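For reference, the structure is listed below as structure tokens.
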Amino acid sequence: MLKLYCAPKTISLAVVTALNEGVHWEAIRVDFGEAEQTKPEYLSINPKGRVPVLVTPEGALTETGAILEYLGETALPNLVPVDPLQRARMREEMYYLGTSMHVNHAHKMRGYRWADQQSSYDDMQAKVPETMTASCAYLEPLIVGPYLFGTEPTLADFYLYPIATWLESDGVNVAAFPKLADWKAAMEARASVQKAISDGFTG
Ligand SMILES: N[C@@H](CCC(=O)N[C@@H](CS)C(=O)NCC(=O)O)C(=O)O
């Protein structure tokens with residue numbers, strides 16, 4: 001059975017919700033309160049000290065986008081468009097989420113990755129509402145509805161979901177993005193997302 005190292009309120013929720021779409025899997029919760037992700041035992045599983053890690057029969061896999069793509073090629077092909085351009089469009093948004101929007105968010109709590117001075121952290125933190133709002137403004141017109149690319153969700157929808165749960169605490173005025181709000185409601189109507197919420201992965 002697939003196992004996932006994961007923690008509430010993190011990007012690992014993307015994989016939790018995707019797995020809940022139809023895979024038998026087991027959660028191994030990493031206790032961020034105890035900084036378990038920084039301990040040697042966890043670093044032997046993922047030297048990057050991050051979640052998620054998917055443990056497959058052939059070995060451990062890290063990086064949300066790579067894990068989602070693996071699931072799309074194995075257990076969840078329905079979450080991957082058949083048309084090459086549509087598939088690339090899905091990846092276009094997944095790369096954006098991984099390299100830009102998630103990184104924007106990380107500037108709130110993880111400034112020590114990039115700087116050493118408290119004033120730098122304060123500056124980075126103060127910028128988060130602006131950069132996350134800009135990311136929402138980029139996404140809003142792209143949303144076809146009810147899902148990102150239309151009637152069916154793709155891997156990109158699951159990647160976006162955890163990030164969408166961070167917006168209010170990141171200082172985004174979510175009322176300014178009605179398509180994003182409707183999209184989030186559509187995701188939350190899915191049994192997979194409901195299960196993740198009731199299992200405590202959103203907070
Ligand atoms: N690029 C990685 C980023 C993973 C990542 O940054 N995860 C965060 C949670 S959202 C984490 O584990 N942080 C732990 C830490 O910084 O100590 C991915 O998408 O999987």
Side-chain angles (χ1 to χ4, degrees), residues 2-20 23 25 27-56 59-74 76 79-80 90-116 118 120-121 124-125 127-129 131-132 135-136 139 148 154-172 184 187 193 196-197 199-203:
L2 292 172
K3 294 183 181 177
L4 183 74
Y5 287 87
C6 50
K9 298 206 261 185
T10 67
I11 200 66
S12 63
L13 176 57
V15 184
V16 169
T17 50
L19 285 166
N20 283 350
V23 180
W25 69 284
I28 304 172
R29 293 184 191 234
V30 181
D31 188 345
F32 276 27
E34 296 292 325
E36 219 181 306
Q37 77 276 22
T38 67
K39 307 269 163 69
E41 196 187 338
Y42 188 76
L43 294 176
S44 71
I45 298 155
N46 182 5
K48 291 177 278 192
R50 310 276 186 97
V51 293
V53 177
L54 185 74
V55 183
T56 78
L61 186 61
T62 66
E63 297 299 324
T64 306
I67 295 170
L68 290 173
E69 294 252 20
Y70 171 79
L71 294 175
E73 290 199 15
T74 54
L76 302 170
L79 298 181
V80 183
M90 173 190 81
R91 292 184 179 128
E92 184 178 27
E93 300 320 327
M94 291 170 71
Y95 278 110
Y96 177 74
L97 296 173
T99 62
S100 299
M101 197 168 183
H102 187 184
V103 177
N104 289 342
H105 163 81
H107 281 70
K108 187 168 77 173
M109 302 301 289
R110 307 290 188 194
Y112 56 81
R113 289 179 189 160
W114 300 286
D116 294 311
Q118 185 60 46
S120 305
Y121 305 154
M124 279 189 249
Q125 241 169 30
K127 192 86 176 163
V128 169
T131 56
M132 290 301 274
S135 288
C136 292
L139 290 171
L148 277 180
T154 71
L155 298 175
D157 291 84
F158 292 89
Y159 204 146
L160 178 56
Y161 183 68
I163 300 176
T165 67
W166 301 333
L167 296 176
E168 285 183 38
S169 56
D170 281 352
V172 175
K184 186 162 175 275
M187 287 300 284
V193 176
I197 294 169
D199 286 343
F201 282 107
T202 50

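Residue indices begin at 1 and follow the sequence shown. Ligands are counted one by one from 1 in listed order, and the atoms in each one are counted from 1 as well. Please read all numbers here as calculations on a predicted model, not as lab measurements.
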Ion pair Glu63/Lys48, N-O distance below 4.0 Å: yes

Counting only non-hydrogen atoms and a 4.0 Å cut-off, the residues near ligand 1 are Thr10, Ile11, Phe32, Gln37, Gly49, Arg50, Val51, Pro52, Glu63, Thr64, His102, Arg110, Arg113, Tyr159

Side-chain donor-acceptor pair under 3.5 Å between Thr62 and Asn46, yes or no? no

Side chains of Gln37 and Tyr5: does their closest heavy-atom pair fall under 4.5 Å? no

Tyr96: what forms a ring pair (Phe, Tyr, Trp, His ring centres under 6.0 Å) with it, not counting sequence neighbours? Tyr138

For Trp166, all residues meeting side-chain hydrogen bond (donor to acceptor under 3.5 Å, both in side chains), sequence neighbours excluded: none

List for me each residue that meets side-chain hydrogen bond (donor to acceptor under 3.5 Å, both in side chains) alongside Thr202, sequence neighbours excluded, and say none if there are none. none

